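For reference, the structure discussed in these notes is given below.
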Amino acid sequence: MNLEGLLQGRVAIVAGGGGGGIGAETSRTLARAGAPVAVVDLDAASAKSIRDEIEAAGGRAVAITADVRSSDGVAAIVAETRDAFGRIDVLVNVAGGMHRHASWRPLADWDEASWDRILEINLRYIFLLTRAVIPVMIAQGDGGAIVNITSISGVFGAPNHAAYGAAKAGLIHLTKSLCLEYGEKGIRCNAVSPGAVETAAVADALGGDREMSRTIPLGRAGRPADIARAVLFLASPLSDYVSGQMLLVDGGVSARFPLGIPGG
Ligand SMILES: NC(=O)c1ccc[n+]([C@@H]2O[C@H](COP(=O)([O-])OP(=O)(O)OC[C@H]3O[C@@H](n4cnc5c(N)ncnc54)[C@H](O)[C@@H]3O)[C@@H](O)[C@H]2O)c1
């Protein structure tokens, strides 16, 4: 697919843009579309490796090692991105997840520290980072695009990971609020909610269970590229009149009638 030029000169921050899953593929995809990319990750080695990959393919990238959960980390992300590329046009909040931060269990078995960890990495940091980026976009005067990676767990009830579902549902709400607050400045804010995506994180959590694919109308789990292309759409001028929306990228899972009636 030829994506060249779609984001030419539009500087993107990908929070959680290293690793080996959705974040890494989002960094690559935005770079292929012409965006200079700030690959932000707690894991320095993976951020650098994605940066090197992008540069080897002829793109522009900088690796920023920072913790998105801290105000200092957020300040460093904004400063280093502007030092490298002079502006910020796109913010993609990918870092997040469930099982690296807590274990799956019913709510009464959750401790406060686990609850707080999940809310911090799936909702709170996005407040910090977005709050730091929006004034930069406003000062530039020509809008911007924010894309939040949420989850199908934020749309449907999320048994045994209620904190994660609540955080992602909160992020969907935050997406709509930002659309309303900054639309007149030309800043769009949208969310992408993946279903099950074949990343290392999910493979671990599902124990390699492939049965799930049979419940997916398109017959397979998602791939990081499926999510990255949806992000590209929402980050690019292709979606210039789209804001405050949540796009489920789930292979059709959410289209199913929920009551299990014959023919449903
Ligand atoms: N994989 C799925 O099936 C799936 C489904 C629904 C939603 N999601 C969402 O997609 C996003 C990415 O998921 P993934 O499975 O690709 O995860 P991943 O672990 O591969 O990617 C997340 C990246 O964020 C980085 N990161 C984590 N904490 C950080 C911090 N404090 N500061 C900076 N960087 C940090 C990690 O090092 C990693 O590189 C998450 O928000 C997740 O909730 C994933």
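All figures in this text were calculated on a predicted structure; none of them were measured in a lab.
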Can you name the closest pair of heavy atoms from [X] and [Y] and give their distance?
X	Y	result
Pro224	Val197	N-CG1, 3.6 Å
Pro237	Leu6	CD-O, 3.4 Å
Ser239	Ala235	OG-N, 4.3 Å
Ile22	Pro194	CD1-CG, 4.3 Å
Ile54	Ala31	CG2-CB, 3.5 Å
Lys176	Gly244	CG-O, 3.5 Å

Spell out, as yes or no, whether a donor-acceptor pair under 3.5 Å connects the side chain of [X] to the backbone of [Y].
X	Y	result
Arg60	Val11	no
Asp250	Gly195	no
His99	Gly97	no
Ser153	Gly165	no
Asn190	Val242	yes
Ser243	Cys189	yes

Same cluster or not: [X] versus [Y], using hydrophobic residues (I, L, V, M, F, W, Y) connected whenever any side-chain heavy atoms lie under 4.5 Å apart?
X	Y	answer
Ile13	Leu42	no
Leu178	Leu180	no
Val253	Ile172	yes
Leu30	Leu247	yes
Val249	Leu238	yes

How many angstroms lie between [atom1] in [X] and [atom2] in [Y], if you round to the nearest 0.5 Å?
X	Y	atom1	atom2	result
Thr26	Ile149	OG1	CD1	5.5 Å
Trp104	Trp110	CH2	CH2	9.0 Å
Asn160	Asp109	CG	CG	9.0 Å
Ile77	Leu128	CD1	CG	9.5 Å
Gln8	Ser236	CD	OG	13.0 Å
Leu129	Ile146	CG	CD1	9.0 Å

Close side-chain approach of [X] to [Y], heavy-atom, < 4.5 Å:
X	Y	result
Met246	Thr175	no
Val74	Arg69	no
Lys185	Ile134	no
Val147	Leu91	no
Phe85	Val37	no
Val14	Val90	no
Asp226	Glu25	no
Phe156	Ser254	yes

- prompt: Do Ser151 and Ser193 have a side chain donor and acceptor closer than 3.5 Å?
  reply: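 Ser151 vs Ser193: no donor-acceptor pair found between side chains.
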Donor on one side chain, acceptor on other, Arg105 and Ser114, under 3.5 Å: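 The answer is yes; a qualifying pair exists.
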Verdict with reasoning, Asp116 to Ile118, per side-chain contact (heavy atoms from CB on, under 4.5 Å): CA-CA 5 Å; Asp116 290 346; Ile118 291 293; over 6 Å; no
Test: Arg117 and Asp111 ion pair at under 4.0 Å: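 Between Asp111 and Arg117 there is no salt bridge, as every charged N stays at least 4.0 Å from the carboxylate O atoms.
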task: Begin from the C-alpha positions of Asp89 and Met137 and carry the test side-chain contact (heavy atoms from CB on, under 4.5 Å) through to its verdict.
output: CA-CA 6 Å; Asp89 303 288; Met137 290 177 170; 5.7 Å; no
message: Using a 6.0 Å cut-off, check whether atom CZ of Arg82 has over 12 heavy atoms from anything other than its own residue.
response: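 Check fails, neighbour count at 12 or below.
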message: A quick test of your reading: do over 12 heavy atoms of other residues, nucleotides or ligands sit less than 6.0 Å from NE2 of His173?
response: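 12 or below, so no.
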Selection residues 48-58 - residue pairs positive for side-chain hydrogen bond (donor to acceptor under 3.5 Å, both in side chains), sequence neighbours left out: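 Of all non-adjacent pairs touching residues 48-58, those that pass side-chain hydrogen bond (donor to acceptor under 3.5 Å, both in side chains) are Arg28-Glu53.
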message: Enumerate the side-chain hydrogen bond (donor to acceptor under 3.5 Å, both in side chains) contacts for residues 119-133, please, sequence neighbours excluded, ordered by first and then second residue.
response: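 Matches after skipping sequence neighbours: Asn122-Lys168.
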- request: I would like to know whether Val231 and Thr29 meet side-chain contact (heavy atoms from CB on, under 4.5 Å); could you show each step before the answer?
  value: CA-CA 9 Å; Val231 171; Thr29 301; over 6 Å; no
task: Please list, chain by chain and in numerical order, all residues satisfying side chain to side chain donor-acceptor pair (under 3.5 Å) with Asn93, sequence neighbours excluded.
output: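 Scan of Asn93 (side chain to side chain donor-acceptor pair (under 3.5 Å), adjacent residues dropped) gives Asn148.
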task: Step by step, work out the side-chain contact (heavy atoms from CB on, under 4.5 Å) result for Val62 and Val39.
output: CA-CA 6 Å; Val62 62; Val39 181; over 6 Å; no
